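A note on names: the letters A, B, ... follow the listed sequences, proteins ahead of strands, and every chain is numbered from 1. What you see is a predicted model; the values in this text were computed from it and never measured.
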Number of protein chains: 2
Amino acid sequence: MATRNPRQAAEKRRQILDAAVVVFARQGFHTCRVSDIADEAGVAYGLVYHYFRSKDEVLDTLFLERWDVLLAAIREVDADASLAARDKLRAIASFIVESYRHDPDLMKVIIVEVTRAANSFGRRHLAKIREAYDLIAEIVAKAQASGEFSGAVTPAFAALAFYGAIEQVLTGWIFDLLPGAPEDYDQAKDFVVETICGGLDAA
Amino acid sequence: MATRNPRQAAEKRRQILDAAVVVFARQGFHTCRVSDIADEAGVAYGLVYHYFRSKDEVLDTLFLERWDVLLAAIREVDADASLAARDKLRAIASFIVESYRHDPDLMKVIIVEVTRAANSFGRRHLAKIREAYDLIAEIVAKAQASGEFSGAVTPAFAALAFYGAIEQVLTGWIFDLLPGAPEDYDQAKDFVVETICGGLDAA
DNA sequence: GGCGAGATTGACTCGCCAGTCAATCTGGGA
DNA sequence: TCCCAGATTGACTGGCGAGTCAATCTCGCC
């Protein structure tokens with residue numbers, strides 16, 4: 001075989017994906033040109049099309065890669081029977097916030113260009129996004145059955161409110177609507193859980 | 001003056017705006033062509049540019065018109081000293097849900113194309129959108145000062161969670177993630193307030 | 001009845017950029 | 001050393017659609 005080391009090919013592909021994250025985060029998916037990605041990656045224009053069928057596929061890849069990690073994390077949390085529902089939600093909130101802390105550009109791209117892009121990409125990945133809602137709803141449903149949560153609200157609704165609150169906070173950080181210092185990250189995890197589980201009402 | 005009845009000009013303009021709502025809701029802002037708007041309005045292509053400087057300005061106009069109504073509604077609710085904070089939030093949730101019931105296409109366009117379009121239009125109108133968050137945060141802050149709400153969470157955070165929950169529910173209706181029958185609309189108002197104020201925890 | 005300001009028309013221009021492709025390079029195997 | 005599959009290059013094309021503009025129409029006024 002005359003194929004170059006397949007490791008190197010994978011690295012080039014990765015290099016393009018990483019460059020895409022930077023460019024998408026900086027300029028937005030629709031505003032940037034494919035040549036911007038190639039330039040950022042230090043690679044010729046055409047090579048992007050050697051590794052990906054289209055500009056769309058680059059973003060799809062970034063999203064699916066990361067979202068599958070998120071889904072796996074939620075499933076793992078849910079499987080831990082020793083955790084109360086409140087702690088499970090805490091763990092999920094924590095995972096998402098830590099994802100943002102670890103790679104804010106990637107999370108920005110996923111939220112801004114996919115999750116919140118209800119037309120273009122959000123619509124295409126609706127089923128995938130919905131999986132996360134459903135998993136969270138399942139946790140709520142079990143907690144309601146066991147009496148840990150009240151049954152005043154449907155699980156589907158609770159899941160939407162929970163996920164919506166987290167996403168809104170990340171969006172707040174992304175667009176400087178909310179202070180985003182390191183200590184705010186940890187506080188946010190508590191705030192989300194406290195608000196959704198405990199409510200705003202005085203005790 | 002040789003100007004045609006200014007009433008008729010205003011009506012033509014309105015006609016174009018209404019057509020734009022239909023087209024944007026159906027096809028999305030980026031996917032539709034200006035000629036689609038003109039066709040839907042039963043008007044020549046060029047006339048759109050007689051009344052609006054650009055395609056963007058059409059959407060800007062739709063958003064600002066409606067958002068100002070929302071801001072006015074929130075201010076009015078807030079000004080009513082006889083209302084508890086919980087009731088104020090209930091009234092705001094109700095107003096938004098009723099807006100959706102009354103004109104789902106318009107609300108879809110505003111949410112999908114502006115409010116959640118964090119890059120393009122969402123960014124342009126960030127300050128305007130933020131006004132709503134700030135108004136809600138103010139209500140929370142006063143309730144915390146009076147002891148109605150606990151101080152466990154910052155007002156800015158509570159406002160984001162509250163607004164995020166409502167928007168997520170509307171998004172759920174828009175994309176059929178959540179049942180959207182008439183009775184669900186009224187239930188949703190209670191759910192949002194119940195979740196944010198009362199929390200999921202069993203009493 | 002005829003004038004003219006503004007309304008209305010729609011064919012056309014023009015820039016942009018995703019995607020193509022033929023040419024060139026490179027490195028591992030024989 | 002030579003060969004060639006696959007990697008890499010970047011100039012080029014093709015289509016699309018926003019915005020322009022000169023021509024035409026319409027209606028209120030004198």
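Checked against side chain to side chain contact (heavy atoms under 4.5 Å, CB included), B/Ala141 has the following partners two or more places apart in sequence or in another chain: B/Pro155. In terms of the salt bridge (charged side-chain N to carboxylate O under 4.0 Å, His left out) criterion, residue partners of A/Glu65 (sequence neighbours excluded) are, by chain and number, A/Arg14. Here B/Trp67 pairs with B/Phe63 under the ring-ring contact (aromatic ring centres under 6.0 Å, His included) rule; sequence neighbours left out. Residues forming a ring-ring contact (aromatic ring centres under 6.0 Å, His included) with B/His50 (at least two apart in sequence, or on another chain): none. Considering only residues two or more places apart in sequence or on other chains, B/Glu138 meets the salt bridge (charged side-chain N to carboxylate O under 4.0 Å, His left out) condition with none of them. Legend: residues meeting ring-ring contact (aromatic ring centres under 6.0 Å, His included) with A/Phe95, ordered by chain and number and at least two apart, are absent. Evaluation of the salt bridge (charged side-chain N to carboxylate O under 4.0 Å, His left out) rule for B/Asp103 yields no partner, not counting sequence neighbours.
At a non-hydrogen distance threshold of 4.0 Å, nothing from residues 113-123 of chain A comes into contact with DNA chain D. Taking every heavy atom of residues 23-51 of chain B and every atom of DNA chain C, pairs under 4.0 Å involve B/Val43, B/Ala44, B/Tyr45, B/Gly46, B/Leu47, B/His50, B/Tyr51, by number.
Sorted by first and then second residue, the salt bridge (Lys or Arg N to Asp or Glu O under 4.0 Å) pairs involving residues 23-32 of chain B (not counting sequence neighbours) are B/Arg26-B/Glu40. Judged as a side chain to side chain donor-acceptor pair (under 3.5 Å), the pairs with a partner in residues 152-164 of chain A (not counting sequence neighbours) are, in order, A/Tyr163-A/Glu167.
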In dot-bracket form, how is DNA chain D paired, counting a Watson-Crick or G-U wobble pair only if both its distances are under 3.5 Å and using | for bases paired to another strand?
||||||||||||||||||||||||||||||
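The main-chain N or O of B/Arg90 is never found under 3.5 Å from a side-chain atom of B/Ser94 such that the two would form a donor-acceptor pair.
Atom CD in A/Glu11 sits about 20 Å away from atom P in D/dG6, given to the nearest Å. Atom P of nucleotide D/dA18 and atom CZ of B/Phe52 are separated by 15 Å, given to the nearest angstrom.
When distances run from any side-chain atom of B/Lys55 to the nucleotides C/dG19, D/dA18, D/dT8, the shortest one goes to D/dA18.
Residue A/Lys12 places none of its side-chain N or O atoms closer than 4.0 Å to OP1 or OP2 of D/dA7.
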